[in-house]
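Single-structure report; data block below.
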Amino acid sequence: MTRPISTSRTTIRPFVRLGAALSLGALLAGCVSIPDGGPVRVVEDGRPQQVSPARIRPAGPADGASPRDIVNGFLQAMMSSPVRYDIARRFLTDGAGDDWRPEESVTVYSLSSVAEPEERSGAESVAVDIAREAVLTEQGRFTVPAAREQHFDLTLVQEDEQWRIADPPPGALITDAFFEDYYDAVNAYYFDSAGEQLVAAPVHLPDDEGRPTDLVSSLLGGPDGVLGGQARSFLPSTWKLAAPVEVDDQGVALVRFAGSDSGVSLGDRERLSAQLVWSLRQISTVTGVEIRIGDRPIALPNTPEVQRIDAWDQFDPAADRPTQLFAMREGRLLVVGRSSTGPFAGAWGRDPVPADDFRVAVDAERIALVTGGRRVVSVSPLAGEPALVPARQGTDLLRPSWDAAGRLWTVDRVRGGSRLTVGPADEPPRSIDLGPLAGGRVTGFELSPDGARFTATARVGARDALYVGAIRYDAEGGGVVGLVDIAEIPLPTETGVPLSAAWRSSTTIALLARAQERVPQVAIVAVDGSSSVTGAVRVGLLPQDGARQVLSAGLLSSPIFVLDAEGMLWTQNGDGRWAEASDEPVSLAAFAG
């Protein structure tokens with residue numbers, strides 16, 4: 001977290017829930033105040049969160065507490081809201097308290113075991129075992145640990161005739177329940193390698209009054225590792241927060257840096273302002289952002305001192321993102337709305353052109369059709385009469401994708417695996433390594449709305465899974481270099497087998513999955529795998545079986561659609577229930593892009 005915030009043993013106890021493990025320690029160490037209530041809202045990724053979480057005020061160590069009670073009390077004291085670690089330090093020796101750095105990382109665990117103490121010379125040893133679900137870096141980024149089980153042997157010594165921990169584990173420890181209730185996922189915004197558009201990196205921060213400071217601190221930590229290491233920050237590395245970020249009664253967030261903007265170009269000042277404004281505007285109480293360097297406002301000609309939260313839209317990667325859903329019925333192109341479907345204007349909506357699949361380009365000027373039993377991708381202008389020109393050939397071609405630069409992305413299922421090619425439709429394509437997906441059968445491939453990532457459903461080995469990866473671009477020419485950081489997204493067990501996926505936002509995915517023999521359902525999952533701890537968010541309840549494809553434009557303002565086996569399109573009505581969006585079935589459907 002950003003806020004300044006082993007040897008074997010002879011006795012191993014079964015894992016128990018933390019609540020049971022700490023109940024005795026809580027009674028002996030003191031009282032914990034947990035007020036009830038707090039309104040609930042739905043955040044950008046769809047996960048219900050409390051606007052103002054109930055405060056938790058842990059108690060310090062009680063006089064005469066046993067070594068095991070001290071350990072239990074220490075574990076509980078790390079979970080406070082607002083986040084504070086001064087009480088947890090009281091369970092440590094003076095020297096250990098000075099050296100302990102809980103802000104360096106946060107380990108999220110689901111199960112714990114605290115053993116009875118074992119005697120040592122002049123000390124006691126208490127063994128602690130936890131089942132780790134995740135580790136948050138100092139910047140709040142969610143990581144999945146390579147090994148789930150972790151063991152600590154904590155040494156307790158007498159200090160002022162009280163037992164205290166001399167060697168606390170590194171970082172802070174919190175339960176998965178506390179993480180789900182008191183942390184939220186938000187985005188830290190950086191820039192792509194060319195410095196032309198904003199890209200998002202999800203971080204998980206406590207939902208309390210310190211969040212604005214945490215978010216800016218996370219940004220100041222830099223984008224190392226984000227999107228395969230290609231993300232950029234325009235915040236100078238020499239800048240530090242001069243004071244916590246303050247949000248006044250009018251919602252203006254005051255961000256004060258210690259440093260100098262001398263030598264920082266106007267373009268860089270604009271981009272760092274965009275990073276701060278876009279990141280802080282996710283906090284519901286923020287209506288504007290004031291950036292000060294030392295004792296004066298950042299120098300931005302023709303820009304007010306208090307920057308609007310809707311500023312810097314020139315860096316919005318999805319500013320021109322199309323939100324129109326298209327469909328095909330008997331080879332004719334259709335335009336789909338929430339409650340009606342009509343023919344596309346012109347020849348494409350009038351004269352049938354049979355296709356196995358299709359995709360309209362981002363600029364809505366061209367269309368790519370998969371024909372010939374999924375062996376050919378042809379491209380035609382949308383205006384005027386169809387004039388199909390073969391652009392790609394293959395064995396079993398998926399629905400293609402278009403990026404904002406007009407490149408055509410095609411996945412071909414070949415013998416023994418899958419193959420990806422990228423390039424302008426009128427040029428020979430380049431093969432791009434699919435990494436772990438190359439030897440599997442890719443069943444769906446979608447580009448994120450900002451072009452920074454892709455998601456894919458695929459069967460690799462004997463498992464159907466959801467994958468995500470970053471797209472590496474040439475910073476100079478903007479060409480596609482390759483795919484990096486390709487990894488399976490861990491899903492909650494109850495989500496089921498992935499069937500289809502589409503981008504809901506730049507960091508969340510709408511996933512259609514079937515759990516056992518139940519009706520397939522749509523859920524929202526996070527690209528960083530944190531839904532494996534917080535749970536996927538179900539989108540309504542599909543009323544009948546047969547859903548085969550989920551469709552989303554990648555913008556939260558655009559509705560989600562589902563195509564079923566009978567060709568009927570479904571979307572949610574005003575009260576969140578799924579309803580049919582067309583009177584007649586369609587054969588194919590796809591958003592532009």
Exercise. Could you check Tyr85 against Trp100 for ring-ring contact (aromatic ring centres under 6.0 Å, His included), going step by step and ending with a plain yes or no?
Key: CA-CA 10 Å; Tyr85 296 114; Trp100 185 47; 5.8 Å; yes

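- Evaluated for a salt bridge (charged side-chain N to carboxylate O under 4.0 Å, His left out) with Arg211, the options Asp214, Asp208, Asp207 yield exactly one hit, Asp207.
- Side-chain atoms of Tyr109 do not come within 3.5 Å of backbone N or O of Glu149 as any donor-acceptor pair.
- When atom types are taken as modelled, the side chain of Asp450 and the backbone of Ala452 share a donor-acceptor pair closer than 3.5 angstrom.
- The environment of Arg548 atom CZ is dense: over 12 non-hydrogen atoms of other residues, nucleotides or ligands sit within 6.0 angstrom.
- Rounded to the nearest 0.5 angstrom, Thr571 OG1 and Phe561 CZ are separated by 4.5 Å.
- No more than 12 heavy atoms of other residues, nucleotides or ligands lie within 6.0 Å of CZ in Arg518, so this atom counts as exposed by the packing criterion.
- Here the OG1 atom belonging to Thr175 is positioned 8.0 Å from the CG atom belonging to Asp181, to the nearest 0.5 angstrom.
- The two atoms that bring Pro492 and Ala536 nearest to each other are CG-N, 3.6 Å, heavy atoms only.
- When the options Ile283, Thr213, Asp184, Leu215 are evaluated for a side chain to side chain contact (heavy atoms under 4.5 Å, CB included) with Leu205, the one that passes is Leu215.
- No donor-acceptor distance shorter than 3.5 angstrom exists from the side chain of Trp570 to the backbone of Ala547, with no hydrogens or angles considered.
- Ring-plane geometry between Phe234 and Phe191 is classed as perpendicular, the angle between the planes exceeding 60 degrees on a 0 to 90 degree scale with a lower cut at 30.
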Practice problem: Decide side chain to side chain donor-acceptor pair (under 3.5 Å) for Glu133 and Ser532; before the verdict, give the C-alpha distance in whole Å, the side-chain angles of both, and the deciding distance to 0.1 Å. | Solution: CA-CA 8 Å; Glu133 301 295 338; Ser532 61; 5.9 Å; no

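- With a 6.0 Å radius and a threshold of 12 heavy atoms from other residues, nucleotides or ligands, Arg419 has its CZ atom at or below the threshold.
- Partners of Phe445 by ring-ring contact (aromatic ring centres under 6.0 Å, His included), not counting sequence neighbours, listed by chain and number: Phe454.
- Taking the centre of each ring, His204 and Tyr183 stay at or above the 6.0 Å mark.
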Self-check item: ring-ring contact (aromatic ring centres under 6.0 Å, His included) between Trp312 and Tyr189, worked out
Solution: CA-CA 12 Å; Trp312 310 113; Tyr189 281 93; over 10 Å; no

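- More than 12 heavy atoms of other residues, nucleotides or ligands sit less than 6.0 Å from atom CG of Asp313.
- In this structure, the side chain of Arg504 does not engage the main chain of Gly554 through any donor-acceptor pair within 3.5 Å.
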